[in-house]
S.K.: 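This is the structure, below, for whatever I ask next.
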2 protein chains.
Amino acid sequence: MTDRQDPGAPALPAQGALDELVGYALRRAQLRLYEDLHATLARWQMTPARFSALTVIGANPGMKATTLADVLGIARSGVVVLLNGLQGMGYVTRSAPDSDRRTVALDLTPAGRAALAEMTEAMHAHDRHVTRRLDPLERQTLLSLLARVG
Amino acid sequence: MTDRQDPGAPALPAQGALDELVGYALRRAQLRLYEDLHATLARWQMTPARFSALTVIGANPGMKATTLADVLGIARSGVVVLLNGLQGMGYVTRSAPDSDRRTVALDLTPAGRAALAEMTEAMHAHDRHVTRRLDPLERQTLLSLLARVG
DNA sequence: TATTGTTATACTCTATAACTATA
DNA sequence: TATAGTTATAGAGTATAACAATA
């Protein structure tokens with residue numbers, strides 16, 4: 001039973017088997033989040049990737065750039081771009097440890113720590129907003145189910 | 001309590017407040033899916049976007065390109081690229097309806113229908129694979145929770 | 001020799017704007 | 001005038017490969 005479009009009533013077209021796929025549901029949910037996510041971080045001229053990098057560095061003081069690349073799941077060259085931005089904003093420092101002068105030790109500046117604290121609070125508010133139609137138990141269930149996907 | 005790295009045991013670094021965010025859990029789950037998704041569609045030289053387009057056209061015979069752009073959430077110029085690929089593979093036809101010769105009516109070829117049927121089955125197998133650690137009820141719960149995010 | 005960070009480069013995806021043909 | 005499809009172009013994001021410094 002294939003429905004033709006009704007030109008008078010532009011209803012949402014059928015999406016076939018897509019609606020049954022978890023992968024598609026994930027993508028659609030993420031697309032719906034994105035606008036609010038960007039608006040939340042725009043105040044600090046941050047992108048999701050920059051915020052993730054800043055958070056991971058904050059939680060792992062002195063970490064290497066290569067480790068950061070592994071955690072974020074991106075190439076080392078991509079980390080350089082992120083770090084250039086974060087360092088340019090005065091949020092991150094790179095230093096060369098005596099133990100291995102090939103590496104850079106990454107740390108937050110006081111300004112970086114302060115900004116991260118503000119952003120984290122804003123991100124939690126953002127997260128509460130986009131999950132406002134879920135009660136606390138449902139939200140927790142969603143997190144634990146997502147952790148078992150893949 | 002901030003943990004320093006132990007060079008001997010390269011444990012997964014802490015990810016700070018990221019783990020509590022639904023948006024981050026979504027992104028990580030999607031990244032884990034991607035490898036299997038790409039491998040599944042590679043057999044037909046398809047990308048996720050191409051598969052989505054093919055599915056939507058299959059469910060809405062004769063639909064316009066602009067409507068497809070709206071459903072997929074991309075620009076019209078992006079649809080042209082997708083359609084060029086799908087038409088070049090012999091899966092989709094573009095025709096100019098007499099009712100409005102500015103538009104193109106999109107339809108699947110017999111080859112397109114056959115390929116879509118195979119791909120849809122492979123995609124369902126892929127979906128079952130990536131959700132193999134969820135029982136049927138949990139999988140359904142995940143879908144309905146995702147639909148309420150954003 | 002191998003690894004780290006870096007640079008240069010290219011590729012993918014997508015958006016914006018201008019163009020054409022129809023309405 | 002306004003709209004549909006197309007084209008050209010540019011931007012963001014990310015990857016690969018080559019390089020210098022260090023191990």
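Residue numbers begin at 1 in each chain, while the letters A, B, ... track the order of the sequences.
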S.K.: Calculate, to the nearest 0.5 Å, the distance between atoms NZ and CG belonging to A:Lys64 and A:Asp70 respectively.
M.R.: 8.5 Å
S.K.: Are any side-chain N or O atoms of B:Thr109 and backbone N or O atoms of B:Gly90, one a donor and one an acceptor, separated by less than 3.5 Å?
M.R.: yes
S.K.: In chain order, what residues pass the side chain to side chain donor-acceptor pair (under 3.5 Å) check against A:Arg27, with sequence neighbours excluded?
M.R.: none
S.K.: Hey, which of these two, B:Asn84 or A:Pro48, hits DNA chain D nearer its 5' end, going by closest nucleotide?
M.R.: B:Asn84
S.K.: Do you know the tightest heavy-atom contact between A:Asn60 and B:Ala14?
M.R.: ND2-O, 2.5 Å
S.K.: Answer yes or no: does a side-chain N or O of A:Lys64 lie under 4.0 Å from OP1 or OP2 of C:dG5?
M.R.: no
S.K.: So, the side chain of A:Arg32 versus the backbone of B:Val149: is there a donor-acceptor pair under 3.5 Å, distance only?
M.R.: yes
S.K.: Does a nitrogen or oxygen in the side chain of B:Thr103 sit under 4.0 Å from OP1 or OP2 of D:dT3?
M.R.: no
S.K.: I'd like a list of close polar pairs between nucleotides 14-18 of chain C and the protein, N/O only, cut-off under 3.5 Å.
M.R.:
residue, atom, partner, partner atom, Å
C:dA15, OP2, B:Ala75, N, 2.8
C:dT16, O4, B:Ser77, OG, 2.7

S.K.: Taking DNA chain D as the partner, which of residues 85-93 of chain A come within under 4.0 angstrom of it by heavy atom?
M.R.: none
S.K.: Among residues two or more places apart or on two chains, list those pairs meeting ring pair (Phe, Tyr, Trp, His ring centres under 6.0 Å) that have a residue in residues 114-150 of chain A.
M.R.: none
S.K.: Under the salt bridge (Lys or Arg N to Asp or Glu O under 4.0 Å) test, which residues partner B:Arg102, sequence neighbours left out?
M.R.: B:Asp100
S.K.: Check nucleotides 20-23 of chain C for protein N or O atoms closer than 3.5 Å to its own N or O atoms and list the pairs.
M.R.:
residue, atom, partner, partner atom, Å
C:dA23, OP1, B:Arg101, N, 2.9

S.K.: Please state how far atom CG in B:Leu83 lies from atom C1' in D:dT6, giving the value in whole angstrom units.
M.R.: 11 Å
S.K.: Scan residues 31-83 of chain A for pairs that pass ring pair (Phe, Tyr, Trp, His ring centres under 6.0 Å), counting only residues two or more places apart or in two chains.
M.R.: A:Tyr34-A:His38
S.K.: Is a donor on one side and an acceptor on the other found under 3.5 Å between the side chain of A:Thr120 and the backbone of A:Leu116?
M.R.: yes
S.K.: Can you run down the side chain to side chain donor-acceptor pair (under 3.5 Å) pairs that involve residues 139-148 of chain A, sequence neighbours left out, and say none if there aren't any?
M.R.: A:Asp127-A:Arg139, A:Arg148-B:Glu138
S.K.: Can you pull out every side chain to side chain donor-acceptor pair (under 3.5 Å) where at least one residue sits in residues 85-98 of chain B? Sequence neighbours excluded, please.
M.R.: B:Asn84-B:Arg94, B:Gln87-B:Arg94, B:Asp98-B:Arg101
S.K.: For DNA chain D, what residues of residues 28-42 of chain A have any heavy atom nearer than 4.0 Å?
M.R.: none
S.K.: Under the rule for side chain to side chain donor-acceptor pair (under 3.5 Å), what residues qualify as partners of B:Arg50, not counting sequence neighbours?
M.R.: none
S.K.: Apply side chain to side chain donor-acceptor pair (under 3.5 Å) to B:Glu121 and list each qualifying residue two or more places apart in sequence or on a separate chain.
M.R.: none
